[in-house]
Amino acid sequence: MKAIAAFFRLVRWPNLLFIVLTQLLFYFCVYVPLFNPAQPPLRLAWIVTASVLIAAAGYIINDYFDLDIDQVNKPEKNVINRLITRRWAIFWHAALSLAGIVATVLAVGWHKSYLIGANVVVVLLLWLYSTSLKKKMLIGNVVISALTAWTVLILFFAQVPFRYAFGAQDAVTTKFFRVAFLYAGFAFVLSLIREAIKDVEDLEGDRRYGCRTMPIVTGVVATKVYTTVWIVVLLGALILLQLYILQFRWWWAVIYSVFLVIFPLISLFFSHLKASSTAEFATLSRLSKWIMLAGIGSMLFFRLYF
């Protein structure tokens, strides 16, 4: 039982549930109201399975290569070499990655081979992130943020022919495009913010093992300036979006977004300026995750209003 519990800790099961929730909400609250598909969502099941398997493999390989750093930053959360051997970690990474690619093939078929290739690239990027990219300033953060956005975008590209993806021929597909990239953009920017906060939180261990993250290279103050800029950009975009949808009288959607997304973002803005300890930055990291969850939850309103 300890080994099973350790495995679920290793693959970050709450984060995997978040991926499942995001993709289910996007499909049933955005895609279904717009297109009214007649077929059962078998493709959705395989896409969700592929996303979860590949993400789980990514978490495993990240912990595999972060073993020394995690012994400094998060010793109580370390699983590899205590409950799961390094050899088994590599085995599970390879097995889950391969299963994720197979699930992608079953989801989209060979006629959308570009999506299969995209998920192969995701597996490679997760490996490179764990081995080297996360140790470099900003590059690793951008990669993880892009992969977070891909959680939404893969569903968009799976449902829309590629030739229409960026030049839709009808109003419905255009609306689908806008909503997909709206949520992907939200996930991307908020992930950039959270990754910068986590870099400060993990400063001690990262510095000891030669990482070149932003707080190590430029300092904590400069990192806070960087994070502040992105929070302001995201706040500005969200406020403009609320003003835009007010014309459609989406009152409940606006109220939800103001109280559960915008106000917490404002709190994150002021709290991170004052934060100084590892515990405070850990709290901010958790807050940013809850803001993302609330933002993704707003997809429910498309089910109501579409």
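The chain is numbered in sequence order, starting from 1. Scope of the values below: all heavy atoms of this structure, side chains included, with no hydrogens, waters or symmetry mates.
- Under the 3.5 Å distance criterion, the side-chain polar atoms of S285 are left unmatched by any main-chain donor or acceptor of F281.
- Atom CZ of R86 sits in a crowded spot, with more than 12 heavy atoms from other residues, nucleotides or ligands closer than 6.0 Å.
- Enclosure of atom CH2 in W150 by more than 12 non-hydrogen atoms of other residues, nucleotides or ligands within 6.0 angstrom is indicated.
- Atom CG of residue N119 and atom CG of residue L125 lie 11.0 Å apart, to the nearest 0.5 angstrom.
- Exactly one residue among Y256, W251, F248, W250 makes a ring-ring contact (aromatic ring centres under 6.0 Å, His included) with F301. That residue is Y256.
- Each of H272, E195, R194 was checked for a side chain to side chain contact (heavy atoms under 4.5 Å, CB included) with S288, and the lone residue meeting it is R194.
- In terms of modelled atom types and a separation under 3.5 Å, the side chain of K224 and the main chain of A275 share a donor-acceptor contact.
- Between F35 and the choices F28, F176, Y27, the ring-ring contact (aromatic ring centres under 6.0 Å, His included) rule is met once, by F176.
- More than 12 heavy atoms of other residues, nucleotides or ligands shown are found within 6.0 angstrom of OH on Y114.
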What verdict does the side-chain contact (heavy atoms from CB on, under 4.5 Å) test give for M137 and M214, after you've listed the backbone C-alpha separation in whole Å, the side-chain angles of each residue and the deciding distance to 0.1 Å?
CA-CA 5 Å; M137 189 174 83; M214 178 176 280; 4.0 Å; yes
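- In this structure, T213 contributes its side chain and D199 its backbone to no donor-acceptor pair below 3.5 Å.
- Summarising the geometry, atom CG belonging to L190 is positioned 9.5 Å from atom OG1 belonging to T148; distances are rounded to the nearest 0.5 Å.
- Between the T131 side chain and the L128 main chain, a donor and an acceptor come within less than 3.5 Å of each other.
- With hydrogens and angles ignored, the 3.5 Å screen pairs no side-chain donor or acceptor of H93 with any backbone N or O of I60.
- Of all heavy-atom pairs spanning A55 and I19, the tightest one is CB-CD1, 3.5 Å.
- For S51 and Q23, the side-chain atoms include at least one donor-acceptor pair closer than 3.5 Å.
- Put simply, the residue from V122, L106, I54 that forms a side chain to side chain contact (heavy atoms under 4.5 Å, CB included) with I101 is I54.
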Given side-chain contact (heavy atoms from CB on, under 4.5 Å), test L293 with F18 step by step and report yes or no.
CA-CA 8 Å; L293 178 61; F18 184 83; 3.5 Å; yes
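- Shown here for L260 and P264, the closest heavy-atom pair between the two residues is O-CG, 3.3 Å.
- A distance-only check finds a donor-acceptor pair linking the side chain of T283 to the backbone of A279 [under 3.5 Å].
- Across all their heavy atoms, T104 and A50 have their closest contact at OG1-CB, 3.4 Å.
- Here the CG atom belonging to L284 is positioned 11.5 Å from the CD1 atom belonging to I193, to the nearest 0.5 angstrom.
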Give the intermediate values and the outcome of side-chain contact (heavy atoms from CB on, under 4.5 Å) for residues V179 and F302.
CA-CA 9 Å; V179 175; F302 289 97; 3.9 Å; yes
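- A distance-only check finds a donor-acceptor pair linking the side chain of K112 to the backbone of A158 [under 3.5 Å].
- When every heavy atom of F65 is checked against every heavy atom of S130, the shortest pair comes out as CB-O, 3.5 Å.
- Once rounded to the nearest 0.5 Å, the distance linking CD1 of I266 with CD1 of I291 reads 10.0 Å.
- Rounded to the nearest 0.5 Å, atoms OG1 (T151) and CZ (F188) are 13.0 Å apart.
- When only modelled atom types and interatomic distance are considered, N15 and Y59 share a side-chain donor-acceptor pair under 3.5 Å.
- E280 contributes a side-chain N or O that, together with a main-chain N or O of S277, makes up a donor-acceptor pair within less than 3.5 Å.
- One N or O on the side chain of Q242 and one on the backbone of L238 form a donor-acceptor pair closer than 3.5 Å.
- Ion pair K175/D170 not flagged as a salt bridge, since none of the NZ, NE, NH1 or NH2 atoms sits closer than 4.0 Å to an Asp/Glu carboxylate oxygen.
- Ring centroids of F26 and Y183 are separated by 6.0 Å or more, keeping the two rings apart.
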Test F181 against F156 for ring-ring contact (aromatic ring centres under 6.0 Å, His included), laying out the working first.
CA-CA 9 Å; F181 278 82; F156 170 78; 5.8 Å; yes
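- The shortest distance between side-chain heavy atoms of I84 and F7 falls below 4.5 Å.
- Atom CH2 of W252 sits about 16.0 Å away from atom OG of S298, to the nearest 0.5 Å.
- Between N141 and K198, the side chains place no donor N or O within less than 3.5 Å of an acceptor N or O (distance only, hydrogens not considered).
- Judged by distance alone, the side chain of R12 and the main-chain N or O of L10 form a donor-acceptor pair under 3.5 Å.
- Looking at L44 and L24, their side chains come closer than 4.5 Å, going by heavy atoms from C-beta outward.
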